[in-house]
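Note that the structure is predicted; figures quoted are calculated from it, not measured. Indexing begins at 1, ligand by ligand and atom by atom, following the structure's order.
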Amino acid sequence: MDHRDLRRDDFWRRIPGYAEVDGGEFHTHGFQARHTVTNVRQLRETVGNLVPDSLYEDVVGGLKNAPMALRISPYLLSLINWEEPHSDPIRTQFLPLASEQVPNHPELRLDSLHEQRDSAVPGLTHRYPDKALFLPLDSCPVYCRFCTRSYAIGGDTAIVEKVKLSARIQRWDDAFAYIASRPELEDIVISGGDTYNLKAEQIQMIGERLLGLPNIRRIRYATKGLAVLPQKILTDTDWVDALTRVAELGRRLHKDVVMHTHFNHPNEITGTTQDAMDRLTERGVTVRCQTVLQSGVNDDPATMQRLVRRLGFINIHPYYVYFHDMVPGVEDLRTSLATGLNIEKHVRGHTAGFNTPSFVVDTMGGGGKRDGHSYEHYNRETGIAVFTSPSVKPGAHFLYFDPLRTLDEEQQRRWQVASERHRMIDDALDSARQPTRR
Ligand SMILES: *Cc1c(COP(=O)(O)O)cnc(C)c1O
Ligand code: SF4
């Protein structure tokens, strides 16, 4: 039952840069925002001699090949175990190390999900029949190394020049007009970037505009905020009041308004998260969690079980666990399909069914999310899985590839030869097309 042990100690005081900061100051969104670390100089000034110089050099090297800019809140920085930064799950997600980077899988693509190709207007992806993804902005309170939307989110990096999705009212109006023109749309995901970075007035305006459309029945605000800066829910009353007003409007109109958030490891959940969730529960806001399966972070059954139990304990419904998308620059974080399917078996049955996440592959090429277990074909030797998506792209096949480092040496050699690669993929597609035995 250690999922109930949520830390409430002054953990940040071990960090030299925060040693003199008391809880009243540390646990405000103002302090967190003002002291967010966005470069290695600030990181060094804050963490100081807790780690050897070589670690900072390693981060400098890591950033040279990173698709995401550096941005981490004091809260997260303080939750890292700096005595063992290499194995720490929070460090792994936010600070790239050159010493851990591995070559990309040959089939990786930026915007592997075709979010831009499936865009009806810039920043609005309409792929599924009744729901669409609205990206009102391109910034977040922190930047995750593994972001699926690294083609757009955060500042440019040494290897990625970003598509801009700025918070402009003209672009939003185009999105609202499109949504109004498509009666089949009922459900809008408001994501980003991160809706935490929208102003209170913007939260309210977007909510009112969407709920005011007769076809819209459900909206969700997506934010990683609860996991990286729960203080905002406790001290930014304007923002929380705006969200509450939209939720109340939804109830009056008999429409559904929820928050979707993103926790990946039980260490990201503290007493402060619980306080923030208590506030949202009092305000009647339902919260669901979407987790990303990552090597060295949560790719073992015990960690995932603890995460799921801890989320449930503070009233967050675990909704999805995503297999890591096929995006460049973070190949060290991907796992094989087999690893995730095994974890799923351990998680299912561990707690309430409605608190049991689906383990999904968001397919490359815009086939949408598929249950990991639903593959048409999976060859564990070559690491190739084939999915279909009859309700999104009938007749098409979609591929997922296990990381090469999880294959045996002979198979890894085959992947290095282009002709062998194509043969392996063609064979997998042929097997998937075989009439089924059913
Ligand atoms: C994930 C996603 C949605 C929402 O899908 P759910 O399975 O309902 O959570 C909608 N549109 C796009 C483009 C998405 O990627
Ligand atoms: S908070 Fe979400 S959108 Fe922002 S960097 Fe992280 S994964 Fe990407």
Side-chain angles (χ1 to χ4, degrees), residues 36 38 66-73 76 90 93-94 96 111-120 123-155 157 160 162-163 165 175 179 182 185-198 217-229 256 258-264 268 288-292 294 297 317-322 324-325 327 329-330 333 357-371 389 391-393:
T36 289
T38 59
M68 294 298 289
L70 175 61
R71 189 171 185 90
I72 182 167
S73 60
L76 276 185
I90 297 178
Q93 297 176 71
F94 293 94
D111 188 17
S112 72
L113 306 182
H114 282 191
E115 287 188 352
Q116 295 182 81
R117 197 175 304 178
D118 290 352
S119 279
L124 187 85
T125 304
H126 184 187
R127 168 175 307 142
Y128 301 94
D130 73 346
K131 58 191 176 186
L133 170 69
F134 174 37
L135 308 175
L137 79 173
D138 57 17
S139 71
C140 306
V142 297
Y143 291 130
C144 316
R145 283 182 56 209
F146 51 88
C147 183
T148 279
R149 235 159 262 147
S150 58
Y151 68 85
I153 304 304
T157 73
V160 183
K162 311 270 167 156
V163 174
L165 294 172
I179 295 166
R182 301 300 293 255
L185 280 176
E186 294 181 0
D187 177 353
I188 305 298
V189 182
I190 310 158
S191 184
D194 192 304
T195 55
Y196 238 43
N197 277 19
L198 292 171
R217 304 289 308 159
R218 301 178 287 282
I219 64 172
R220 354 175 178 165
Y221 289 97
T223 174
K224 197 169 165 61
L226 270 171
V228 303
L229 215 153
D256 196 31
V258 305
M259 178 185 278
H260 277 205
T261 192
H262 173 183
F263 288 87
N264 296 322
E268 296 158 10
R288 305 191 188 110
C289 180
Q290 308 189 170
T291 294
V292 180
Q294 294 166 80
V297 174
H317 297 293
Y319 174 39
Y320 281 144
V321 173
Y322 288 97
H324 199 296
D325 286 331
V327 288
V330 282
L333 294 178
S358 296
F359 283 57
V360 295
V361 175
D362 208 347
T363 52
M364 266 197 305
K369 302 174 183 70
R370 310 311 299 162
D371 183 333
S389 189
S391 58
V392 176
K393 295 206 173 150

Applying side chain to side chain donor-acceptor pair (under 3.5 Å) between Asp187 and each of Arg220, Arg217, Lys131, report the one that passes.
Arg220
Looking only at heavy atoms, what is the nearest atom pair of [X] and [Y], with distance?
X      : Y      : result
Ala69  : Thr157 : N-CG2, 3.4 Å
Cys147 : Val327 : O-CG2, 4.4 Å
Pro67  : Arg145 : CG-O, 4.1 Å

Compute whether any side-chain donor of one residue and acceptor of the other, for Gln290 and His260, lie under 3.5 angstrom apart.
yes
Minimum-distance protein heavy atom relative to atom 2 (Fe) of ligand 2
His262 ND1, 4.4 Å
Please answer whether the main-chain N or O of [Y] pairs with a side-chain N or O of [X] as donor and acceptor at a distance below 3.5 Å.
X      : Y      : value
Lys393 : Gly367 : no
Ser358 : Val360 : no
Thr291 : Val321 : no
Ser139 : Gly154 : no

Protein N/O/S neighbour count - atom 8 (Fe) of ligand 2, strictly under 2.8 Å
1
Contacts for ligand 1, heavy atom under 4.0 Å, by chain and number, are Thr125, Arg127, Tyr128, Lys131, Leu133, Val189, Arg220, Tyr319, Tyr320, Lys369
Check the pair Thr125 / Asp118 against side-chain hydrogen bond (donor to acceptor under 3.5 Å, both in side chains), numbers first and verdict last.
CA-CA 6 Å; Thr125 304; Asp118 290 352; over 6 Å; no
